[in-house]
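Here is the structure we will look at, set down as structure tokens.
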Amino acid sequence: FADVGSRHGKTLFSLMRPMHPLVLFNGVSDSRKLYARLRLLNIEPYELNATWTMSALAQTQLVDVHGDFGTLYQLRSDFLCLIRPDGHVGLVQAPFAEAHLIDYLALISEPSEVRRCFV
């Protein structure tokens, strides 16, 4: 990947923090709201695009420079991919479905905290 703001290269593993899931998403209708909710749960969210177009979330926006991620998981637009802290993919949604994301997050986080963040 490349960081849209700095144009520096990033690997998936360099984005991960110990004990914190990572979410890559694209095509979500209210990306700011999703970003804020995931951050409340200590989840690192990144908007992933195929082009260098800047959005309101430019500081957390990545470009799939070579298209490897999109090709590997067959994701082009309107998706969410959660990567667990152990580096394994935990959830892939295409298209994104908030209700299913909430259900999954309640399995890996405190359910009452998830409900509070997604009210």
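None of the values given here were measured: they were computed from a predicted structure.
- In terms of modelled atom types and a separation under 3.5 Å, the side chain of T71 and the main chain of G67 share a donor-acceptor contact.
- Here the shortest heavy-atom pairing between D64 and L48 reads N-CD1, 3.7 Å.
- At a threshold of 4.5 Å between non-hydrogen side-chain atoms, the residues P85 and P18 do not count as touching.
- With hydrophobic clusters built from ILVMFWY side chains whose heavy atoms lie under 4.5 angstrom apart, V28 does not share a cluster with L40.
- Of all the heavy atoms in F13 and G87, the pair that sits closest is CE2-CA, 4.4 Å.
- Nearest heavy atoms, H20 versus N42: ND1-O, 2.7 Å.
- Considering every non-hydrogen atom in both V89 and C81, the closest pair reads CG1-SG, 4.0 Å.
- Within a 6.0 Å sphere centred on NE2 of H100, heavy atoms belonging to other residues, nucleotides or ligands number 12 at most.
- Interatomic distance, L62 CG to K10 NZ, rounded to the nearest 0.5 Å: 8.0 Å.
- For V114, the side chain to side chain contact (heavy atoms under 4.5 Å, CB included) test picks out L41, I102, L105, S109, F118, with sequence neighbours left out.
- Scanning all heavy atoms of the two residues, the minimum distance from P111 to A106 falls at CG-O, 3.5 Å.
- Under the side chain to side chain contact (heavy atoms under 4.5 Å, CB included) criterion, A94 pairs with L75, F79, sequence neighbours left out.
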Next item on the list: Quick one: do L34 and L80 satisfy side-chain contact (heavy atoms from CB on, under 4.5 Å)? Show the steps, please.
Entry: CA-CA 11 Å; L34 177 63; L80 179 136; 4.0 Å; yes
Next item on the list: Could you walk me through whether F96 and L101 pass the side-chain contact (heavy atoms from CB on, under 4.5 Å) test, one step at a time?
Entry: CA-CA 8 Å; F96 168 67; L101 173 62; 3.8 Å; yes
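- Pairs passing the salt bridge (Lys or Arg N to Asp or Glu O under 4.0 Å) check and including a residue from residues 101-113, sequence neighbours excluded, read E113-R116.
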Next item on the list: Go through R17 and E44 one step at a time and tell me if the side-chain contact (heavy atoms from CB on, under 4.5 Å) criterion holds.
Entry: CA-CA 8 Å; R17 294 186 306 151; E44 296 292 324; 2.8 Å; yes
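- Going from atom CD1 of I43 over to atom CG of L82 covers 6.0 Å, rounded to the nearest 0.5 Å.
- Look at R37 and E98 and you find a salt bridge, because one of the NZ, NE, NH1 or NH2 atoms lies within 4.0 Å of a carboxylate O, short of that distance.
- Shown here for N26 and S77, the closest heavy-atom pair between the two residues is OD1-CA, 3.3 Å.
- Neither I83 nor M19 shares a network with the other; the hydrophobic side chains, linked directly or stepwise wherever heavy atoms of I, L, V, M, F, W or Y lie under 4.5 Å apart, form separate groups for each.
- Side-chain contact between V63 and F1 is absent, with no heavy atoms from C-beta onward closer than 4.5 Å.
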Next item on the list: Begin from the C-alpha positions of Y35 and T60 and carry the test side-chain contact (heavy atoms from CB on, under 4.5 Å) through to its verdict.
Entry: CA-CA 9 Å; Y35 175 86; T60 58; 3.6 Å; yes
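- For the side chain to side chain contact (heavy atoms under 4.5 Å, CB included) criterion with Y46, the lone passing option out of L12, V23, L22, L38 is L22.
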